[in-house]
Amino acid sequence: MPEDQVEVVVGKAVYRGRKGSTVAELGISPPDEAVAFSLNGHTYDFQQGIRENGRLSWLTFQEEAGRLVFRHSGAHLLAQAVKRLWPEAQLGTGPATEEGFYYDIRLPKPLGESDLQAIEAEMQRIAAEDLPIERVELGRTEALQLFAQRQEPFKVDIIQRIPEGVPISAYRQGEFIDLCAGPHVPRTGRLKAVKLTGVSGAYWRGDEANPMLTRIYGTAYPDAEGLTQYLYRVEEAKRRDHRRLGPALGLYLFREEAPGFTFWLPKGQRLYRTLEEFSRRLQEPRGYQEVATPWIYRVGLWQQSGHWDHYRENMFVIEREDEKLGVKPMNCPGHCLLYQSAVRSYRDLPLRLAEYGPLSRFERSGTLHGLMRVRGLHQDDAHLFVREDQIAEEMRGVLELVDLVYRTFGMPYEVVLSTRPDDYLGSLEIWERAEGALQAVLEAQDKPYQIHPKDGAFYGPKLDFYAVDALGRRWQCATAQLDFQLPLQFDLTYIDRDGQPKRPVMIHRAIFGSIERFLGILVEHYGGDFPLWLAPVQVRVVPITDAQGAYAEAVAGDLRRAGLRVEVDARNQKLAYKVREAEVDKIPVLLVVGRRDVEQGTVSVRIRPDGDIGARPWPAYLAELAERARMPVG
RNA sequence: GCUGGCGUAGCUCAAUCGGUAGAGCAGCUGAUUUGUAAUCAGCAGGUUACGGGUUCGAGUCCCAUCGCCAGCUCCA
């Protein structure tokens with residue numbers, strides 16, 4: 001094939017043409033729903049010239065890459081609308097995000113709700129105009145001139161940072177032109193359903209020293225139905241918000257007297273303890289030993305561990321008697337001291353130390369967020385001190401625990417391996433062996449995983465686990481990090497088979513992560529409808545009249561003796577009233593007892609979400625309930 | 001911490017232009033003894049986040065503080 005020719009394969013057809021031809025020029029007509037195409041792993045739009053051979057696959061809104069193209073065009077639509085309304089607005093950047101897009105813009109005035117509506121209306125107008133979106137290739141000087149003349153200082157800044165040799169392009173739709181690498185959908189009319197979702201501030205290039213721009217958020221869908229579903233999901237997330245739901249269910253509350261800390265109400269504390277108990281009952285049989293270590297140390301310890309250099313900003317520091325003391329944000333240094341307290345043999349390893357104690361982290365006031373980001377927390381933390389040859393086996397054990405836990409909560413999860421960053425510490429050889437070990441474990445388990453190159457901590461590679469909740473949101477919870485540094489810092493050793501001292505490797509791992517945060521995630525995942533074994537109140541017994549009071553107490557007593565958490569609602573109220581309240585309180589099992597039940601020795605069962613399932617003989621039904629309420633620890 | 005917004009009874013919300021702080025739910029008291037999502041009546045509940053200021057008069061306007069929300073930033 002001549003050098004100036006390209007050849008692409010689409011399905012079973014082969015197309016040839018001059019290098020740099022667009023799809024149309026090659027005689028390929030894209031399907032209606034396609035917004036772009038993928039060739040050798042790169043995304044292109046229909047106006048970009050094809051310069052390499054390969055197999056072409058169409059990208060639609062169904063594919064992540066297609067969605068990004070689509071949403072990025074949404075951002076341009078937004079920018080064009082803003083420029084029509086405020087010609088003096090200066091554009092920053094406007095990328096697509098997971099759920100939509102945003103554009104950072106310097107505006108002459110702060111935006112209100114009505115401004116958003118006006119912009120949105122203008123966007124819809126531009127979409128209806130169905131303007132063609134044209135790609136324009138520019139020379140560097142030409143680009144600088146164009147955007148300087150259009151009074152877009154941020155665009156000029158961007159162009160100046162584009163390395164020599166990289167082509168500069170812009171996209172034009174109607175009177176609007178924006179510096180952009182692309183790709184884009186072919187016409188504005190493709191953006192059938194757009195919605196602006198919020199405004200906030202954001203620094204230019206994310207730097208506090210730079211001017212603050214207005215960030216306008218929005219989302220776009222190819223049809224109204226997708227947008228409606230998205231808005232429903234947003235609504236549902238709001239309905240499940242743990243900051244509202246938790247206090248409403250009497251689980252916990254927050255007070256401004258203690259920002260970043262949680263007040264656990266009796267029911268919330270029960271939930272919390274149940275989770276902790278679940279963790280203990282999984283870990284004890286797996287060789288974990290629970291310890292408790294001090295929560296305040298002299299700074300010397302933090303200097304030794306390296307936290308003073310790397311984490312001081314996030315620590316609460318106390319000064320007393322001319323001495324500085326640091327409240328612990330992590331357990332690792334304490335566990336290292338425990339490790340040091342005895343001579344360790346290679347036979348003692350792996351040593352698995354678990355701790356659930358209180359940790360304090362100074363999080364900046366603006367970052368606090370319900371249970372998700374707090375200053376006072378607890379982790380289901382453990383440090384595994386292992387020989388290097390035990391890394392793979394121990395990581396396998398951690399993986400098994402993670403799998404067990406997330407399966408129990410009905411959350412699929414994704415695994416990410418983060419590898420050696422540029423500023424790593426330790427020997428290259430150990431790093432490579434450790435990364436190899438992690439990869440081998442994942443592959444041996446046939447677990448799909450992603451690699452984030454250079455995203456590891458400077459002290460070791462790590463596995464992060466992202467749990468996916470009922471609304472499809474991803475939460476980073478579990479983590480397992482190899483650490484070669486701390487054993488060095490604390491000069492930890494074990495006596496090996498050959499009588500020589502050797503350096504152990506540490507694995508920092510948590511399965512829930514922060515228990516506070518995990519509980520918040522569970523509240524939202526279940527929308528407050530906890531599975532029976534977790535529910536703070538599992539059963540509520542409801543006598544219909546005073547006459548069944550004693551019978552109700554007897555039933556409740558049976559339940560309590562069987563280890564269930566139970567309440568009796570003996571208030572003088574109509575049954576419907578008490579049923580409603582139990583539903584609002586999201587009590588999983590309601591046992592109604594009336595005259596007929598007393599006479600026949602039954603309970604009338606109402607279960608969420610099924611409702612009334614009729615009478616069951618008592619105490620025979622107790623066994624079934626107790627079985628269903630058992631903690632799922634195998 | 002930074003930018004913007006918000007803060008009225010336990011909760012959800014109202015209060016015209018700056019002119020007597022109000023309702024529902026929850027709570028308490030009483031009546032009602034009820035078979036699967038709200039029985040009726042009465043009572044009580046407030047330094048309008050906090051501290052200043054403007055004004056004859058401030059929930060409302062201004063300033064500062066605290067907290068919360070959306071982001072940014074940070075995240076050994």
Original post:
Could A:Arg606 and A:Asp612 be called an ion pair, given the rule that one side-chain N must be under 4.0 Å from one carboxylate O?
Top reply: no

Original post:
Taking the same atom, C1', in B:U55 and in B:A49, what whole-Å distance lies between them?
Top reply: 23 Å

Original post:
Looking at A:His310, does any N or O in its side chain come under 4.0 Å of the phosphate oxygens OP1/OP2 on B:C75?
Top reply: no

Original post:
Which residue lies toward the 5' end of RNA chain B, A:Arg312 or A:Pro259, if each is placed at its nearest nucleotide?
Top reply: A:Pro259

Subject >> Neighbour count above 12 (heavy atom, 6.0 Å) for A:Lys195 NZ >> reply: no

**OP:** Between B:G67, B:A37, B:U33, spot the one nearest the side chain of A:Val584, thanks.
**Re:** B:A37

**OP:** Measure from CZ on A:Arg616 to P on B:G35 and round the result to the nearest Å.
**Re:** 21 Å

**OP:** Send over the distance from A:Glu581 CD to B:C25 C1', rounded to a whole Å.
**Re:** 11 Å

Original post:
Touch check for A:His508, heavy atoms < 4.0 angstrom, all strands: base, sugar-phosphate only, or nothing?
Top reply: nothing

Original post:
What distance, rounded to whole Å, do you find between the two P atoms, one in B:C11 and one in B:C50?
Top reply: 14 Å

Subject >> Options B:C66, B:U73, B:G35, nucleotide nearest the side-chain atoms of A:Glu256 >> reply: B:C66

**OP:** Using the P atom as the reference point in each nucleotide, state the distance between B:C43 and B:A58 in Å, no decimals.
**Re:** 31 Å

**OP:** Verify the ring-centre separation between A:Tyr459 and A:His508: is it less than 6.0 angstrom?
**Re:** yes

Original post:
When all nucleic acid strands are considered with a 4.0 Å heavy-atom cut-off, which category describes A:Arg255: base, sugar-phosphate, or nothing?
Top reply: nothing

**OP:** For the pair A:Phe385 and A:His383, name the ring-plane relationship: parallel under 30°, tilted 30 to 60°, perpendicular over 60°.
**Re:** tilted

Original post:
Just by protein heavy atoms under 4.0 Å, how would nucleotides 38-44 of chain B read 5' to 3' in B, S and -?
Top reply: BB-----

Original post:
B:G35, B:C68, B:U73: which one has an atom nearest the side-chain heavy atoms of A:Thr367?
Top reply: B:U73

**OP:** State which residue, out of A:Leu591, A:Thr602, A:Asp597, fulfils the side-chain contact (heavy atoms from CB on, under 4.5 Å) condition with A:Trp618.
**Re:** A:Leu591

Original post:
Looking for any heavy atom pair under 4.0 Å, which part of the strands does A:Arg596 touch: base, sugar-phosphate only, or nothing?
Top reply: base

Original post:
Do other residues, nucleotides or ligands put more than 12 heavy atoms under 6.0 Å from A:Glu313 CD?
Top reply: no

**OP:** Take A:His242 and A:Met372 through the side chain to side chain contact (heavy atoms under 4.5 Å, CB included) test and state the conclusion after the steps.
**Re:** CA-CA 9 Å; A:His242 78 283; A:Met372 304 302 186; 3.5 Å; yes

Subject >> Separation between the C1' atoms of B:A38 and B:U8, rounded to whole Å >> reply: 27 Å

Original post:
Is any side-chain nitrogen or oxygen of A:Arg364 closer than 4.0 Å to OP1 or OP2 of B:C2?
Top reply: no

**OP:** Among the candidates B:U33, B:U36, B:C69, find the nucleotide nearest to the side-chain atoms of A:Asp612.
**Re:** B:U36

Original post:
Looking only at atom C1', what distance separates B:G18 and B:U48, rounded to whole Å?
Top reply: 15 Å

**OP:** Would you mind classifying the nucleic acid contact of A:Arg373 as base, sugar-phosphate or nothing, using non-hydrogen atoms under 4.0 angstrom?
**Re:** base

Subject >> Atom-pair distance (CD on A:Glu99; C1' on B:A70), nearest Å >> reply: 16 Å

Original post:
Do the charged groups of A:Glu624 and A:Arg616 touch, with an N to O distance under 4.0 Å?
Top reply: no

**OP:** With P as the reference atom in both, quote the distance from B:A64 to B:G53 in angstrom, rounded to an integer.
**Re:** 16 Å

**OP:** For B:G24 and B:A44, measure between their P atoms and round to the nearest Å.
**Re:** 14 Å

**OP:** Among B:G27, B:A37, B:G71, find the nucleotide with the atom closest to the side chain of A:Arg215.
**Re:** B:G71

Original post:
Considering only heavy atoms and no angle criterion, is a donor-acceptor pair shorter than 3.5 Å present between the side chain of A:Asp597 and the base of B:G35?
Top reply: yes

Original post:
Base, sugar-phosphate alone, or nothing: which one does A:Leu590 contact when heavy atoms must sit under 4.0 Å apart?
Top reply: nothing

Subject >> Cation-aromatic face contact A:Arg71/A:Tyr221, 6.0 Å, 45 degrees >> reply: yes

Subject >> Closest contact, heavy atoms only, A:Leu371 versus A:Phe254 >> reply: N-CZ, 3.8 Å

**OP:** Grab the OH-P distance between A:Tyr217 and B:G5 for me, whole Å please.
**Re:** 17 Å

**OP:** Determine the interatomic distance between P on B:G5 and the same-named atom on B:C61; round to the nearest Å.
**Re:** 13 Å

Original post:
If you count the non-hydrogen atoms of other residues, nucleotides and ligands that lie under 6.0 Å from CZ in A:Arg255, is the total more than 12?
Top reply: no

**OP:** Sort by first number and list every stem of RNA chain B: at least 3 consecutive Watson-Crick or G-U wobble pairs, both distances under 3.5 Å.
**Re:** B:1-7 with B:66-72, B:10-13 with B:22-25, B:27-31 with B:39-43, B:51-53 with B:61-63

Subject >> A:Asp546 side chain, from C-beta outward: closest of B:C72, B:G67, B:U33 >> reply: B:U33

Original post:
In whole angstrom, what separates A:Asp569's CG from B:U36's C1'?
Top reply: 13 Å

**OP:** Return the value, rounded to whole Å, for the distance between atom CD1 of A:Ile613 and atom C1' of B:G35.
**Re:** 16 Å

Original post:
Toward the 5' end of RNA chain B, which comes first, A:Ser604 or A:Gly260, by nearest nucleotide?
Top reply: A:Ser604

Original post:
For atom CZ of A:Arg298, is the number of surrounding heavy atoms from other residues, nucleotides or ligands below 6.0 Å larger than 12?
Top reply: no

Subject >> Nucleotide B:G35, atom P - distance to CD of A:Gln600 in whole Å >> reply: 16 Å

**OP:** Classify the nucleic acid contact of A:Arg606 as base, sugar-phosphate or nothing, counting any heavy atom under 4.0 Å across all strands shown.
**Re:** base

Original post:
Roughly how many Å is it from CZ in A:Arg571 to P in B:C28, rounded to a whole number?
Top reply: 9 Å

